**Student:** 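Let me give you the structure first, and then I'll get to my questions.
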Amino acid sequence: MSQKIFNTATRKKEVFQPIKEGAVGIYVCGITTYDVCHVGHARAAIVFDVVVRHLRARGYNVTYVKNFTDVDDKIIERANKEGVSITEISERYIKAHDEDMAALGVQTPTVTPRATEHMEDIIALISALEKQGYAYCVDGDVYFSINSYGKYGNLSGRNLEEMIAGARVDVNDKKKNPLDFALWKKSKEGEPYWESPWGKGRPGWHIECSAMSRRYLGDTFDIHGGGEDLIFPHHENETAQSQAATGKPLANYWIHNGFVKIDSEKMSKSLGNIFPVKEIIKNYHPEVLRLFMLQSHYRSPVDYSESSLTEARAGLIRCYTTLKIMKETLDKLSVDTVKADKKSSENRNNYISKFNKLVDKFDAAMDDDFNTAQALGHVFDMVRLTNNFIVDEKHMPDYVKAETLEEAKKVFDHFGTVLGIFHSDADQFFVSDKETELRKRGLDKEKIEDLIKQRQVARSQKDWAKADAIRQELGQLHIVLKDSANGTSWMID
RNA sequence: GGCGGCAUAGCCAAGUGGCUAAGGCAGCGGUCUGCAAAACCGUUAUUCCCCGGUUCAAGUCCGGGUGCCGCCUCCA
C-alpha cells in the first residue's frame, strides 16, 4: 500500500510520490528562540517526529530539517529587557528546547540549522529576488512584491483583492502593496545587525526558512510541515519567495498539524493558560503526553486538560501492564526442550499470524495520512490479544510459549519505534509513575509501605477485618493494592 | 466582512458510499481472588446535530439550517 498524505496546498489526500525513489526530504518550521516550549510546540514536534519515524520504518531514507529562528523582534525584545545579547537568549532557549524534546522522546532531526548561521544564504536569496524584479529596496528595507508574483495566495486559498480590501490600514507606506512583506529589515539603533548590500540590517521572518531549506534540501523538496497557524502568512510567503527565486515549487506536499486547546479555550498569554513542557512532564510520564497527542488525528484540534491526560495515563498503564506481564512470563519460562506438540504448534502459528495481521493494519493506518488514532486502536488490540494468549495458553510448553511471546515483543517494539512510546522498561515505568503520582498528590511513601506491612501481618494471621480496613484506608488515598504469591504491590489510581 | 474546519455513546476518539459504526477512559454483570487489584468474558450509540435531496445502498456525497472553532496581526 502506498503512503497517502493530506496536502494543505490541494486540500486533498494524495498518494505520496517522493522526488527521489526511496528518499524523503522534509522541512519543518521550528521554534523562535525567545521562550520555553509549551504543549503546542510539543504537539508539532511529536506529530512530525512520528511522521519521520513511520517513513523511516517504511524504508525511506529521510532527511529531516527543523530550524531555529534565532533572530527576530521578540528575541531582541527579550534580550533588551534582560540586558543580555540575543545570542544568550537564543542559546538558553535552544538548550531548553533540546532538553524538552529529548524528554518527550522526539528524535533529533538530521539537520537543525539556525538563521544566524545562514546569513550569506539569506542575503544571496534576497539579492536574487531583487535582481529578478521580485523585490524592491526602500530606505534599507527590502520587500517582496506580491504583485510581481502571480500565485500569491495559492497555498492558503486566499484571494488577493479580498485580502487587500480587508487589510488593516497599513502605517507602513513604504510598501507598494500592503500585503508585501519584508525580506530584509533595516536595523534600528542598538539592534543587532548584519552587513548587506542594503546596509546594516537583519532578515525578515520568512526568508530564513527559504534559505535554509534550499541549502539542505534543494530548490524543491518533498514535504514541508508546521503548525496550521503557519499556513498564512508564513508558508504563503515562504513558498512565494522561494518559487519566485528558483522558478520551481518549494515543496510537493504541505503538512500542517492542528492546534492544542486548553480546557476548550485557545491557548494564549492573555488567558494565562500556557503549559510549558517542563511543567507537564513533572506530573506525567512523557509517554502519557505522546499517547494523548497520538490518540487524535494530527489535523484535528486537541483539547488539553488534566482529565484527558489522566485518561491517557490509564491507557498507557494498560499497555505497560501487558508489557510487564510478558516480561515476567518470559523470565519464568524454563529452557525446557519439550518438543512442540501438534496442538501447541498450531496455536502458536495462529497467534503469530494474528500478530502479523495487526502489524499490517497498524502500518496501513499510518500509511493513510499518518492516522495514529486508528493505529493505536490496533496497538490496543495487540494488548488484548497478548493478554488472551497469556491467559489461554497456560499449558503450552514453555519453549513454544517463549517463541510466541518473543514474536509479540517484536510487534510491540515495532509499534513503539514508530510512535515513540514503550521505550521504558516496564518495571521502571511503574516505579517512575508511582514516584510521579506520590509527588503530585503529596503522599508519604514510608507511611503507605508501613501500612502495607501492618496489613501483611494481619493477613498472615487471617485477620481479614483488619486487612480490609487498611485496604480501605489506603483506598481513600487512591492507593490500589495487589496481593500476589510474592507479596503485595501497590500503585496509585 | 473574507477563507477554512468540526459536530459519532457518559467522556475522549477512529471511520468519508455497502459485511456486526475501531480503540481508549468511565460504568455495569460474570470468571479469578479470603476480600480486592490486574487480566479475561459479556454488556453500554437500532444509530452518527437538524431538515431535505442523490443512490439499489449515506454517519460517509449534494443543498439548506443550527451550534462550536481556527486563520485573516506575533504564534506550533
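By convention in this document, chain letters (A, B, ...) are assigned in the order of the sequence lines, proteins followed by strands, and residues within each chain are numbered from 1. It should be emphasised that the depicted structure is a prediction, and the values quoted were computed from it without experimental measurement.
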**Student:** Can you tell me which residue pairs pass the side chain to side chain donor-acceptor pair (under 3.5 Å) test with a partner in residues 306-319 of chain A, sequence neighbours excluded?
**Tutor:**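 Qualifying pairs: Tyr284(A)-Glu306(A), Ser305(A)-Ser307(A), Ser305(A)-Ser308(A), Arg313(A)-Asp433(A), Arg313(A)-Glu437(A).
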**Student:** Please, which pairs that meet salt bridge (Lys or Arg N to Asp or Glu O under 4.0 Å) have at least one residue in residues 28-45 of chain A, sequence neighbours excluded?
**Tutor:**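 Residue pairs with at least one partner in residues 28-45 of chain A: Asp35(A)-Arg78(A), Asp35(A)-Lys269(A).
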**Student:** State which residues pass ring pair (Phe, Tyr, Trp, His ring centres under 6.0 Å) with Phe430(A); sequence neighbours excluded, sorted by chain then number.
**Tutor:**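 Counting only residues at least two positions away or on another chain, Phe430(A) forms no ring pair (Phe, Tyr, Trp, His ring centres under 6.0 Å).
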**Student:** Considering every strand and a 4.0 Å limit on heavy-atom distances, what is the contact class for Arg313(A): base, sugar-phosphate, or nothing?
**Tutor:**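 Counting heavy atoms under 4.0 Å across all strands, no contact is made by Arg313(A).
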**Student:** The criterion is side chain to side chain contact (heavy atoms under 4.5 Å, CB included); which residues satisfy it with Lys186(A), sequence neighbours excluded?
**Tutor:**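 Side chain to side chain contact (heavy atoms under 4.5 Å, CB included) list for Lys186(A), sorted by chain: Asp141(A).
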**Student:** Might you list the N or O atoms of the protein lying below 3.5 Å from N or O atoms in nucleotides 6-12 of chain B, with each pair's distance?
**Tutor:**
none

**Student:** What does Phe259(A) touch in the nucleic acid at a heavy-atom separation under 4.0 angstrom: a base, only the sugar-phosphate, or nothing?
**Tutor:**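 Contact class for Phe259(A): base.
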**Student:** I need the residues from residues 92-102 of chain A with at least one non-hydrogen atom less than 4.0 Å from RNA chain B; give them sorted by number, or say none.
**Tutor:**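 Within residues 92-102 of chain A, no residue comes under 4.0 Å of RNA chain B.
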**Student:** Strictly below 4.0 Å, heavy-atom distances to any atom of RNA chain B: list the hits from residues 35-46 of chain A, or just say none.
**Tutor:**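 By residue number: His38(A), Gly40(A), His41(A), Ala44(A).
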**Student:** Which residues pass the side chain to side chain contact (heavy atoms under 4.5 Å, CB included) test with Ala375(A), not counting sequence neighbours?
**Tutor:**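 In terms of side chain to side chain contact (heavy atoms under 4.5 Å, CB included), with neighbours along the sequence ignored, Ala375(A) is linked to Phe362(A), Ala365(A), Met366(A).
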**Student:** With the criterion being N/O to N/O and under 3.5 Å, what pairs connect the protein with nucleotides 42-45 of chain B, and how long is each?
**Tutor:**
none

**Student:** Write down the protein N/O and nucleotide N/O pairs, taken from nucleotides 15-17 of chain B, whose separation is under 3.5 Å; answer none if there are no such pairs.
**Tutor:**
unit_1: rG15(B); atom_1: OP1; unit_2: Asn371(A); atom_2: ND2; d: 2.7

**Student:** With sequence neighbours excluded, what pairs up with Glu99(A) under the salt bridge (Lys or Arg N to Asp or Glu O under 4.0 Å) test?
**Tutor:**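 With sequence neighbours excluded, Glu99(A) shows a salt bridge (Lys or Arg N to Asp or Glu O under 4.0 Å) to Lys95(A), Lys278(A), given in chain and number order.
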**Student:** With a 3.5 Å distance limit and no angle check, can you tell me whether Arg290(A) reaches the backbone of Leu104(A) through a side-chain donor-acceptor pair?
**Tutor:**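 Indeed, once roles are kept as given, a pair shorter than 3.5 Å links the two residues.
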**Student:** Categorize Asp72(A) for me: base, sugar-phosphate, or nothing, with a 4.0 angstrom heavy-atom threshold over every strand shown.
**Tutor:**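 Nothing: the residue Asp72(A), judged by heavy atoms under 4.0 Å, touches no strand.
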**Student:** Within the 4.0 Å heavy-atom criterion, would you say Ser300(A) contacts the bases, only the backbone, or no part of the nucleic acid?
**Tutor:**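 Sugar-phosphate, backbone atoms only, no base.
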**Student:** Need one value for Ala314(A): base, sugar-phosphate or nothing, where a base atom within 4.0 Å counts as base even if backbone is also close, heavy atoms only.
**Tutor:**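 Here Ala314(A) touches the backbone only, sparing every base.
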**Student:** If you restrict it to nitrogen or oxygen atoms, what contacts under 3.5 Å exist between nucleotides 37-41 of chain B and the protein, and what is each distance?
**Tutor:**
unit_1: rA39(B); atom_1: O3'; unit_2: Asn387(A); atom_2: ND2; d: 2.9
unit_1: rC40(B); atom_1: OP1; unit_2: Asn387(A); atom_2: ND2; d: 2.9
unit_1: rC40(B); atom_1: OP2; unit_2: Arg318(A); atom_2: NH1; d: 3.4
unit_1: rC40(B); atom_1: O3'; unit_2: Asn388(A); atom_2: OD1; d: 2.9
unit_1: rC41(B); atom_1: OP1; unit_2: Asn388(A); atom_2: OD1; d: 3.3
unit_1: rC41(B); atom_1: OP2; unit_2: Arg384(A); atom_2: NE; d: 3.4

